[in-house]
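Everything on this sheet refers to the single structure shown next.
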Amino acid sequence: MKRKRNWSKIIKRTLLICFLFGLFWFFGANWAIESNAEGKIFDRVSECPTAKVALVLGTSRTNKHGNDNLYFSYRIKAAVELYRAGKVKYILVSGDNSITTYDEPTDMKNALVAAGIPVNRIFLDYAGFRTLDSMERALKVFGQKEVIVISQRFHNERAIYLGEHFGMTVYGYNAQDVAKMGGFKTKVRERFARMKVFWDIVFGIDSKFLGEAVEIP
C-alpha cells in the first residue's frame with residue numbers, strides 16, 4: 001500500500017529552503033558587491049585616479065516634499081570637485097527622462113553649469129533609467145571603457161560591479177552620504193537592488209534603450 005504524502009511537511013520544507021536561499025541571496029549579493037569594490041572607491045580627490053570622463057548617476061533634484069534632495073546636491077558637489085582638481089576632462093550625467101515633466105540629466109547639467117562647469121564639458125544621457133542602463137550606455141553609446149562614477153558609496157559599489165560586468169574599468173568617487181535617518185529607505189532599497197544585479201546578470205537583462213552613438217572628444 002502506497003504511503004500518503006505529507007503535503008504539510010513538503011510545503012514547510014519547501015518554504016524553509018526558499019527562505020534560506022533568499023537569505024543567502026540577500027547577504028551574498030551584498031558581500032560580493034562590497035568586496036569587489038575594495039580599492040576602487042575613493043573619498044578624497046587627491047587619492048582618486050584620473051580618467052577622461054566622470055559619470056554622475058542620476059537622482060531627482062528635489063524630494064517628494066519639494067525640498068532639495070541631498071543625494072543630488074552632494075553628487076553635483078563631488079563632480080565639481082573632481083573636475084576642478086583636473087581628475088576628469090568631461091562629465092557625463094546619466095538619469096531618467098522617461099516623461100517630459102521629469103528630467104534628471106538637464107537638472108544635473110544646470111546645477112553643474114551654475115557651479116562653474118563649462119557647458120561644452122558636459123554630456124547628457126537621457127536614458128539612464130537604472131544604474132545598469134547608465135553603465136551599459138556609457139560603454140556602448142558614449143564609447144567609454146573607463147570612467148569614474150560619482151554617487152554615494154553604496155551606489156558606487158553597485159555601479160562598479162555592473163560596469164565590470166560589461167567589461168569596463170570603473171572607479172568610484174564617493175559623494176557625501178545622507179544622514180542615517182534621512183537615507184534609511186534608500187539604504188533598504190539598495191539591498192534589494194543588489195539582489196537584482198545578479199538576477200539581471202543571470203538572465204542577461206540589458207538596457208531598455210541604446211540608440212545611436214555619441215562621441216565624447
Side-chain angles (χ1 to χ4, degrees), residues 37 39-61 69 71-98 102-176 206-217:
K40 303 170 186 174
I41 51 178
F42 305 90
D43 294 307
R44 298 180 181 177
V45 174
S46 59
E47 297 174 351
C48 192
T50 59
K52 178 180 175 180
V53 172
L55 171 61
V56 186
L57 299 177
T59 187
S60 58
R61 183 175 57 84
N69 178 4
Y71 286 108
F72 179 97
S73 303
Y74 293 154
R75 291 179 199 182
I76 295 300
K77 180 182 177 183
V80 172
E81 290 172 350
L82 212 60
Y83 180 84
R84 288 180 176 171
K87 295 291 184 176
V88 296
K89 295 181 179 179
Y90 296 95
I91 299 175
L92 172 61
V93 292
S94 179
D96 188 350
N97 180 215
S98 54
Y102 186 77
D103 189 348
E104 291 177 354
T106 298
D107 285 342
M108 288 190 285
K109 182 199 76 172
N110 291 340
L112 289 169
V113 170
I117 305 299
V119 69
N120 64 344
R121 294 288 172 168
I122 305 169
F123 284 79
L124 283 71
D125 173 14
Y126 293 101
F129 307 121
R130 298 189 300 151
T131 307
L132 180 147
D133 298 82
S134 295
M135 302 311 297
E136 186 174 13
R137 285 175 56 81
L139 174 66
K140 297 181 180 179
V141 175
F142 294 89
Q144 302 307 303
K145 296 181 180 179
E146 180 181 36
V147 297
I148 299 175
V149 66
I150 296 176
S151 187
Q152 278 66 33
R153 182 188 181 103
F154 67 87
H155 197 186
N156 283 341
E157 290 172 344
R158 176 159 53 93
I160 289 171
Y161 199 97
L162 284 166
E164 291 180 348
H165 165 68
F166 291 115
M168 302 170 68
T169 298
V170 186
Y171 302 101
Y173 181 55
N174 299 328
Q176 182 179 339
D206 291 323
S207 297
K208 294 180 180 179
F209 178 77
L210 288 176
E212 296 182 3
V214 177
E215 182 182 358
I216 298 180

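Remember, it's a predicted structure, so these values are computed and weren't measured experimentally.
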*Please assess Arg137 against Ser207 for the test side chain to side chain donor-acceptor pair (under 3.5 Å), listing each intermediate value before the final yes or no.*
CA-CA 8 Å; Arg137 285 175 56 81; Ser207 297; over 6 Å; no
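- Counting non-hydrogen atoms of other residues, nucleotides and ligands closer than 6.0 Å to CD of Glu47 gives a total above 12.
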*Start with the C-alpha distance between Phe166 and Asp206, add both sets of side-chain angles, then the distance that settles side chain to side chain contact (heavy atoms under 4.5 Å, CB included), and finish with yes or no.*
CA-CA 10 Å; Phe166 291 115; Asp206 291 323; 4.2 Å; yes
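- In terms of heavy-atom proximity, Ala138 sits nearest to Met168 at CB-CE, 4.1 Å.
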*Carefully, step by step, assess Met135 and Leu139 under the rule side chain to side chain contact (heavy atoms under 4.5 Å, CB included).*
CA-CA 7 Å; Met135 302 311 297; Leu139 174 66; over 6 Å; no
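- For Lys87 (side chain) and Glu81 (main-chain N/O), no donor-acceptor pair under 3.5 Å exists by modelled atom type.
- Note that the CD1 atom of Ile216 and the NZ atom of Lys52 stand 6.5 Å from one another [nearest 0.5 Å].
- No side-chain heavy atom of Val147 sits less than 4.5 Å from a side-chain heavy atom of Leu92.
- Taking each heavy atom of Ile160 and Tyr171 in turn, the nearest pair found is CD1-C, 4.2 Å.
- Distance alone, capped at 3.5 Å, places no donor-acceptor pair between the Asp43 side chain and the Tyr173 backbone.
- Of the candidates Asp96, Asp107, Asn69, Thr59 forms a side-chain hydrogen bond (donor to acceptor under 3.5 Å, both in side chains) with just one, namely Asn69.
- Of all heavy-atom pairs spanning Ala127 and Phe209, the tightest one is CB-CD2, 4.2 Å.
- Inter-residue side-chain proximity for Tyr83 and Ile91 is flagged as met; some heavy-atom pair is nearer than 4.5 Å.
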*What's the verdict on side chain to side chain contact (heavy atoms under 4.5 Å, CB included) for Asp125 and Phe142, showing C-alpha distance, side-chain angles and the deciding distance?*
CA-CA 9 Å; Asp125 173 14; Phe142 294 89; 3.6 Å; yes
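- Contact between Leu55 and Ser134 at its shortest, heavy atoms only, is CD2-O, 4.0 Å.
- Within the 3.5 Å criterion, the main-chain N or O of Leu57 finds a donor-acceptor partner in the side chain of Arg75.
- With values rounded to the nearest 0.5 angstrom, Ile148 atom CD1 is found 11.5 Å from Thr169 atom OG1.
- Closest of all the heavy-atom pairs between Ile150 and Ala78 is CG2-CB, 3.7 Å.
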*Would Leu112 and Val80 count as a side chain to side chain contact (heavy atoms under 4.5 Å, CB included) if you check the C-alpha gap in whole Å, the side-chain angles of each, and the deciding distance to 0.1 Å?*
CA-CA 7 Å; Leu112 289 169; Val80 172; 4.0 Å; yes
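- Proximity of a side-chain donor or acceptor of Asn156 to a complementary backbone N or O of Ser151 within less than 3.5 Å is detected.
- Between atom CD of residue Gln152 and atom OH of residue Tyr71 there is a gap of 6.5 Å, rounded to the nearest 0.5 Å.
- The environment of Lys77 atom NZ is sparse: at most 12 non-hydrogen atoms of other residues, nucleotides or ligands sit within 6.0 angstrom.
- The two residues Gly163 and Val170 have their closest heavy-atom pair at CA-CG2, 3.9 Å.
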